[in-house]
Amino acid sequence: MEASEIPRATAAAMSTASALGLTADDAVVLQNSNKLTLRLLPCDVLARVAPAAHQVAQFEIELAQRLAETESPVAALEPRVEPRVHERDGFVVTLWTYYEPVPPQEFSPADYAHALGRLHAGMRKLDVPAPHFTDRVEEARQLVASRDHTPELADADRELLANTLRSLRRAIVERGGAEQLLHGEPHPGNVLTTKNGLLFIDLETCCRGPVEFDLAHAPEEVGDHYPGADQGLLRDCRILMLAMITAWRWDRGDQFPDGRRLGTEWLGQVRAALDRRGLGAHG
(Lines give C-alpha, C1' and ligand atoms only; values in the text may rest on other atoms or scores of the structure.)
Protein backbone atom coordinates (compact mmCIF):
# COMPACT_ATOMS: atom_id res chain seq x y z
CA MET A 1 0.00 0.00 0.00
CA GLU A 2 1.28 3.48 -0.88
CA ALA A 3 2.72 5.28 2.15
CA SER A 4 0.38 8.20 1.54
CA GLU A 5 -2.62 5.87 1.97
CA ILE A 6 -1.54 4.40 5.31
CA PRO A 7 -3.05 7.14 7.54
CA ARG A 8 -6.47 6.83 5.87
CA ALA A 9 -6.32 3.03 5.92
CA THR A 10 -5.38 3.08 9.60
CA ALA A 11 -8.21 5.48 10.40
CA ALA A 12 -10.65 3.22 8.53
CA ALA A 13 -9.57 0.22 10.60
CA MET A 14 -9.78 2.07 13.91
CA SER A 15 -13.18 3.58 13.19
CA THR A 16 -14.49 0.20 12.00
CA ALA A 17 -13.40 -1.45 15.25
CA SER A 18 -14.81 1.37 17.35
CA ALA A 19 -18.17 1.17 15.57
CA LEU A 20 -18.29 -2.53 16.51
CA GLY A 21 -17.76 -1.78 20.21
CA LEU A 22 -14.03 -2.53 20.30
CA THR A 23 -11.76 0.05 21.92
CA ALA A 24 -9.18 1.14 19.35
CA ASP A 25 -7.19 4.15 20.53
CA ASP A 26 -3.94 3.20 18.83
CA ALA A 27 -2.68 1.16 15.87
CA VAL A 28 0.70 -0.45 15.26
CA VAL A 29 1.71 -1.29 11.68
CA LEU A 30 2.82 -4.93 11.55
CA GLN A 31 3.17 -5.32 7.79
CA ASN A 32 2.59 -3.32 4.65
CA SER A 33 2.41 -5.20 1.36
CA ASN A 34 -0.58 -5.46 -0.96
CA LYS A 35 -2.62 -4.86 2.18
CA LEU A 36 -1.94 -3.16 5.50
CA THR A 37 -1.81 -5.28 8.66
CA LEU A 38 -2.36 -3.48 11.97
CA ARG A 39 -2.53 -4.35 15.64
CA LEU A 40 -5.32 -2.31 17.19
CA LEU A 41 -4.96 -1.41 20.87
CA PRO A 42 -6.10 -1.75 23.61
CA CYS A 43 -8.69 -4.17 22.15
CA ASP A 44 -5.78 -6.27 20.80
CA VAL A 45 -7.28 -7.10 17.42
CA LEU A 46 -5.45 -7.70 14.15
CA ALA A 47 -6.92 -5.64 11.31
CA ARG A 48 -6.18 -6.21 7.65
CA VAL A 49 -6.97 -3.32 5.32
CA ALA A 50 -6.98 -3.31 1.52
CA PRO A 51 -8.25 -0.94 -1.19
CA ALA A 52 -11.85 -1.82 -1.95
CA ALA A 53 -11.08 -2.35 -5.65
CA HIS A 54 -8.29 -4.91 -5.10
CA GLN A 55 -9.40 -7.58 -2.68
CA VAL A 56 -11.02 -10.95 -2.25
CA ALA A 57 -11.65 -10.53 1.47
CA GLN A 58 -15.03 -12.27 1.51
CA PHE A 59 -13.52 -15.43 0.00
CA GLU A 60 -10.73 -15.36 2.57
CA ILE A 61 -13.15 -15.02 5.51
CA GLU A 62 -15.36 -17.87 4.32
CA LEU A 63 -12.35 -20.11 3.70
CA ALA A 64 -10.86 -19.33 7.12
CA GLN A 65 -14.16 -20.28 8.78
CA ARG A 66 -14.44 -23.56 6.89
CA LEU A 67 -10.82 -24.50 7.55
CA ALA A 68 -11.25 -23.74 11.25
CA GLU A 69 -14.11 -26.26 11.29
CA THR A 70 -11.66 -28.91 10.04
CA GLU A 71 -9.20 -27.94 12.83
CA SER A 72 -6.68 -26.80 10.25
CA PRO A 73 -3.79 -24.60 11.46
CA VAL A 74 -5.12 -21.22 10.32
CA ALA A 75 -5.41 -17.89 12.09
CA ALA A 76 -8.87 -17.30 13.56
CA LEU A 77 -11.21 -14.42 12.93
CA GLU A 78 -11.87 -12.01 15.82
CA PRO A 79 -14.55 -13.80 17.88
CA ARG A 80 -16.05 -10.65 19.46
CA VAL A 81 -17.55 -9.38 16.20
CA GLU A 82 -19.53 -10.80 13.30
CA PRO A 83 -17.20 -12.48 10.76
CA ARG A 84 -17.66 -10.30 7.69
CA VAL A 85 -16.00 -7.73 5.46
CA HIS A 86 -16.38 -4.12 6.55
CA GLU A 87 -16.20 -1.28 4.01
CA ARG A 88 -15.16 2.23 4.99
CA ASP A 89 -13.67 5.21 3.14
CA GLY A 90 -12.69 3.21 0.06
CA PHE A 91 -11.11 0.35 2.04
CA VAL A 92 -12.21 -3.11 3.09
CA VAL A 93 -11.36 -4.13 6.65
CA THR A 94 -11.33 -7.61 8.15
CA LEU A 95 -10.73 -8.30 11.85
CA TRP A 96 -8.72 -11.27 13.12
CA THR A 97 -7.40 -12.72 16.36
CA TYR A 98 -4.05 -11.22 17.36
CA TYR A 99 -1.47 -13.82 18.37
CA GLU A 100 1.51 -12.83 20.48
CA PRO A 101 4.49 -14.12 18.48
CA VAL A 102 7.02 -16.57 19.86
CA PRO A 103 10.58 -16.89 18.51
CA PRO A 104 10.58 -18.62 15.09
CA GLN A 105 13.59 -20.73 16.10
CA GLU A 106 11.30 -22.67 18.42
CA PHE A 107 9.87 -24.35 15.32
CA SER A 108 11.83 -26.77 13.14
CA PRO A 109 11.47 -27.54 9.40
CA ALA A 110 9.70 -30.72 10.48
CA ASP A 111 7.16 -28.61 12.43
CA TYR A 112 6.61 -26.46 9.35
CA ALA A 113 6.10 -29.53 7.14
CA HIS A 114 3.68 -31.06 9.65
CA ALA A 115 1.62 -27.85 9.86
CA LEU A 116 1.49 -27.54 6.07
CA GLY A 117 0.47 -31.19 5.80
CA ARG A 118 -2.37 -30.57 8.27
CA LEU A 119 -3.48 -27.55 6.23
CA HIS A 120 -3.48 -29.59 3.04
CA ALA A 121 -5.46 -32.35 4.75
CA GLY A 122 -8.08 -29.80 5.81
CA MET A 123 -8.21 -28.31 2.34
CA ARG A 124 -8.85 -31.73 0.80
CA LYS A 125 -12.12 -31.82 2.76
CA LEU A 126 -13.39 -28.62 1.11
CA ASP A 127 -15.05 -28.17 -2.25
CA VAL A 128 -14.55 -24.51 -3.09
CA PRO A 129 -13.94 -22.82 -6.44
CA ALA A 130 -10.35 -21.66 -6.85
CA PRO A 131 -8.12 -20.81 -9.81
CA HIS A 132 -5.59 -23.33 -11.08
CA PHE A 133 -1.94 -22.60 -10.29
CA THR A 134 -1.36 -22.24 -14.04
CA ASP A 135 -3.63 -19.17 -14.02
CA ARG A 136 -1.13 -17.46 -11.72
CA VAL A 137 1.74 -18.58 -13.94
CA GLU A 138 -0.07 -17.03 -16.88
CA GLU A 139 -0.45 -13.73 -15.01
CA ALA A 140 3.32 -13.65 -14.52
CA ARG A 141 3.91 -14.58 -18.17
CA GLN A 142 1.67 -11.75 -19.38
CA LEU A 143 3.55 -9.33 -17.12
CA VAL A 144 6.86 -10.41 -18.66
CA ALA A 145 5.38 -10.13 -22.17
CA SER A 146 4.24 -6.54 -21.58
CA ARG A 147 6.99 -3.95 -22.03
CA ASP A 148 4.54 -1.34 -20.76
CA HIS A 149 4.26 -3.11 -17.41
CA THR A 150 7.91 -4.22 -17.12
CA PRO A 151 9.81 -1.44 -18.96
CA GLU A 152 13.10 -1.92 -17.07
CA LEU A 153 13.40 -5.65 -17.77
CA ALA A 154 16.25 -6.28 -20.24
CA ASP A 155 15.49 -8.29 -23.38
CA ALA A 156 17.68 -11.25 -22.39
CA ASP A 157 16.09 -11.38 -18.95
CA ARG A 158 12.61 -11.07 -20.44
CA GLU A 159 13.34 -14.04 -22.71
CA LEU A 160 14.76 -16.04 -19.80
CA LEU A 161 11.68 -15.54 -17.65
CA ALA A 162 9.22 -16.12 -20.50
CA ASN A 163 10.89 -19.40 -21.49
CA THR A 164 11.17 -20.57 -17.89
CA LEU A 165 7.53 -19.84 -17.09
CA ARG A 166 6.35 -21.57 -20.27
CA SER A 167 8.57 -24.67 -20.13
CA LEU A 168 8.21 -25.44 -16.42
CA ARG A 169 4.46 -24.83 -16.44
CA ARG A 170 4.23 -27.41 -19.23
CA ALA A 171 6.60 -29.87 -17.51
CA ILE A 172 4.69 -29.73 -14.21
CA VAL A 173 1.27 -30.16 -15.85
CA GLU A 174 2.50 -33.03 -18.02
CA ARG A 175 3.60 -34.97 -14.93
CA GLY A 176 -0.10 -35.49 -14.27
CA GLY A 177 0.29 -35.67 -10.49
CA ALA A 178 -2.48 -35.44 -7.92
CA GLU A 179 -3.90 -31.95 -7.43
CA GLN A 180 -5.89 -30.34 -4.64
CA LEU A 181 -6.77 -27.01 -3.04
CA LEU A 182 -3.58 -25.20 -1.97
CA HIS A 183 -2.68 -22.17 0.12
CA GLY A 184 -0.86 -20.70 -2.88
CA GLU A 185 1.88 -18.83 -1.01
CA PRO A 186 2.70 -20.55 2.32
CA HIS A 187 6.07 -18.82 2.67
CA PRO A 188 7.37 -17.81 6.13
CA GLY A 189 5.82 -14.35 5.78
CA ASN A 190 2.40 -16.02 5.77
CA VAL A 191 3.08 -18.23 8.80
CA LEU A 192 2.54 -17.02 12.37
CA THR A 193 4.71 -18.51 15.13
CA THR A 194 2.43 -18.69 18.16
CA LYS A 195 2.05 -20.58 21.42
CA ASN A 196 -0.70 -22.48 19.58
CA GLY A 197 1.83 -23.65 17.00
CA LEU A 198 2.34 -22.51 13.41
CA LEU A 199 -0.73 -20.84 11.89
CA PHE A 200 -1.20 -19.89 8.23
CA ILE A 201 -2.61 -16.54 7.12
CA ASP A 202 -3.33 -14.78 3.81
CA LEU A 203 -5.66 -17.36 2.30
CA GLU A 204 -6.64 -15.15 -0.62
CA THR A 205 -3.90 -16.74 -2.78
CA CYS A 206 -5.61 -20.16 -2.78
CA CYS A 207 -5.38 -22.15 -5.98
CA ARG A 208 -5.48 -25.75 -7.16
CA GLY A 209 -2.41 -27.78 -8.03
CA PRO A 210 0.12 -30.29 -6.69
CA VAL A 211 1.18 -29.93 -3.05
CA GLU A 212 4.74 -29.43 -4.34
CA PHE A 213 3.68 -26.01 -5.65
CA ASP A 214 2.94 -24.98 -2.05
CA LEU A 215 6.11 -26.63 -0.76
CA ALA A 216 8.13 -24.58 -3.25
CA HIS A 217 7.30 -21.45 -1.24
CA ALA A 218 8.54 -22.88 2.05
CA PRO A 219 12.20 -23.05 3.14
CA GLU A 220 14.04 -25.78 1.27
CA GLU A 221 14.49 -27.99 4.36
CA VAL A 222 10.72 -28.21 4.80
CA GLY A 223 10.37 -30.30 1.65
CA ASP A 224 12.65 -32.95 3.14
CA HIS A 225 10.12 -33.55 5.93
CA TYR A 226 6.87 -33.54 3.93
CA PRO A 227 5.66 -37.14 3.53
CA GLY A 228 5.38 -38.33 -0.04
CA ALA A 229 6.70 -35.17 -1.69
CA ASP A 230 7.98 -35.75 -5.24
CA GLN A 231 11.43 -34.18 -4.99
CA GLY A 232 11.89 -33.88 -8.76
CA LEU A 233 8.54 -32.12 -9.12
CA LEU A 234 9.39 -29.95 -6.12
CA ARG A 235 12.64 -28.80 -7.77
CA ASP A 236 10.73 -27.77 -10.89
CA CYS A 237 8.09 -26.00 -8.80
CA ARG A 238 10.80 -24.08 -6.95
CA ILE A 239 12.29 -22.75 -10.19
CA LEU A 240 8.82 -21.89 -11.51
CA MET A 241 7.93 -20.09 -8.28
CA LEU A 242 11.22 -18.17 -8.38
CA ALA A 243 10.54 -17.07 -11.97
CA MET A 244 7.04 -15.92 -10.97
CA ILE A 245 8.10 -13.79 -8.02
CA THR A 246 10.97 -12.38 -10.08
CA ALA A 247 8.51 -11.27 -12.74
CA TRP A 248 6.38 -9.51 -10.12
CA ARG A 249 9.40 -7.57 -8.83
CA TRP A 250 9.89 -6.03 -12.31
CA ASP A 251 6.32 -4.78 -12.50
CA ARG A 252 6.53 -1.00 -12.64
CA GLY A 253 3.72 -0.82 -10.09
CA ASP A 254 5.40 -3.20 -7.63
CA GLN A 255 5.56 -1.79 -4.09
CA PHE A 256 7.61 -4.57 -2.52
CA PRO A 257 10.38 -3.08 -0.35
CA ASP A 258 13.71 -3.20 -2.20
CA GLY A 259 11.89 -5.00 -5.00
CA ARG A 260 14.12 -4.05 -7.92
CA ARG A 261 17.28 -5.25 -6.15
CA LEU A 262 15.55 -8.53 -5.34
CA GLY A 263 14.39 -8.84 -8.94
CA THR A 264 17.97 -8.58 -10.14
CA GLU A 265 19.24 -11.02 -7.49
CA TRP A 266 16.52 -13.55 -8.27
CA LEU A 267 17.24 -13.43 -12.00
CA GLY A 268 20.69 -14.75 -11.15
CA GLN A 269 19.15 -17.46 -9.00
CA VAL A 270 16.80 -18.51 -11.82
CA ARG A 271 19.77 -18.86 -14.19
CA ALA A 272 21.75 -20.86 -11.64
CA ALA A 273 18.82 -23.16 -10.88
CA LEU A 274 18.21 -23.83 -14.59
CA ASP A 275 21.88 -24.63 -15.08
CA ARG A 276 21.80 -27.09 -12.18
CA ARG A 277 18.79 -28.81 -13.73
CA GLY A 278 20.50 -28.89 -17.13
CA LEU A 279 17.65 -26.90 -18.65
CA GLY A 280 19.51 -23.80 -19.79
CA ALA A 281 17.78 -20.54 -20.50
CA HIS A 282 15.53 -22.03 -23.17
CA GLY A 283 14.19 -25.02 -21.25
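Remember, it's a predicted structure, so these values are computed and weren't measured experimentally.
With a 4.5 Å cut-off on side-chain heavy atoms, P186 and L119 do not count as touching. Looking at heavy atoms from C-beta onward, E106 lies out of side-chain contact with D111 at the 4.5 angstrom threshold. The shortest side-chain heavy-atom distance between P73 and L198 does not fall under the 4.5 Å cut-off. Side-chain contact between L161 and L153: present, with at least one pair of heavy atoms (C-beta onward) separated by less than 4.5 Å. Between I201 and T37 the shortest side-chain heavy-atom distance does not fall below 4.5 Å.
Partners of E69 according to the salt bridge (charged side-chain N to carboxylate O under 4.0 Å, His left out) rule, which considers only residues two or more places apart in sequence or in another chain, do not exist here. Partners of D224 by side-chain hydrogen bond (donor to acceptor under 3.5 Å, both in side chains), not counting sequence neighbours: none found.
Between the side chain of T194 and the main chain of P101, no donor-acceptor pair closer than 3.5 Å is present. Checking side-chain atoms of R118 against main-chain N and O of E71 turns up a donor-acceptor pair under 3.5 Å. Although no hydrogens or angles enter the test, the distance criterion places a donor-acceptor pair under 3.5 Å between the side chain of R80 and the main chain of C43. A donor-acceptor pair under 3.5 Å is absent between the side-chain atoms of E87 and the main chain of A52, judged by distance alone.
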Take N190 and H183 through the side-chain hydrogen bond (donor to acceptor under 3.5 Å, both in side chains) test and state the conclusion after the steps.
CA-CA 10 Å; N190 284 335; H183 180 287; 4.6 Å; no
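Taking both residues in full, the closest heavy atoms of A130 and R208 are given as O-CG, 4.0 Å, listed atom of the first, atom of the second, then distance.
A salt bridge links E185 with R136: at least one charged nitrogen is closer than 4.0 Å to a carboxylate oxygen. A salt bridge is absent between E152 and R249: the closest approach of a Lys/Arg side-chain nitrogen to an acidic carboxylate oxygen does not fall below 4.0 angstrom. Ion pairing of E5 with R8 is present here, as a side-chain N (NZ or NE/NH1/NH2) and a carboxylate O approach within less than 4.0 Å. Looking at R271 and D157, a side-chain N of the basic residue comes within less than 4.0 Å of a carboxylate O on the acidic one, giving a salt bridge. In this structure, R66 does not pair ionically with D127, as no charged nitrogen and carboxylate oxygen lie closer than 4.0 Å.
The aromatic rings of H187 and H217 sit tilted, their planes meeting at an angle between 30° and 60°. Classified by interplanar angle (parallel below 30°, tilted 30° to 60°, perpendicular above 60°), the ring pair F213/F133 is tilted.
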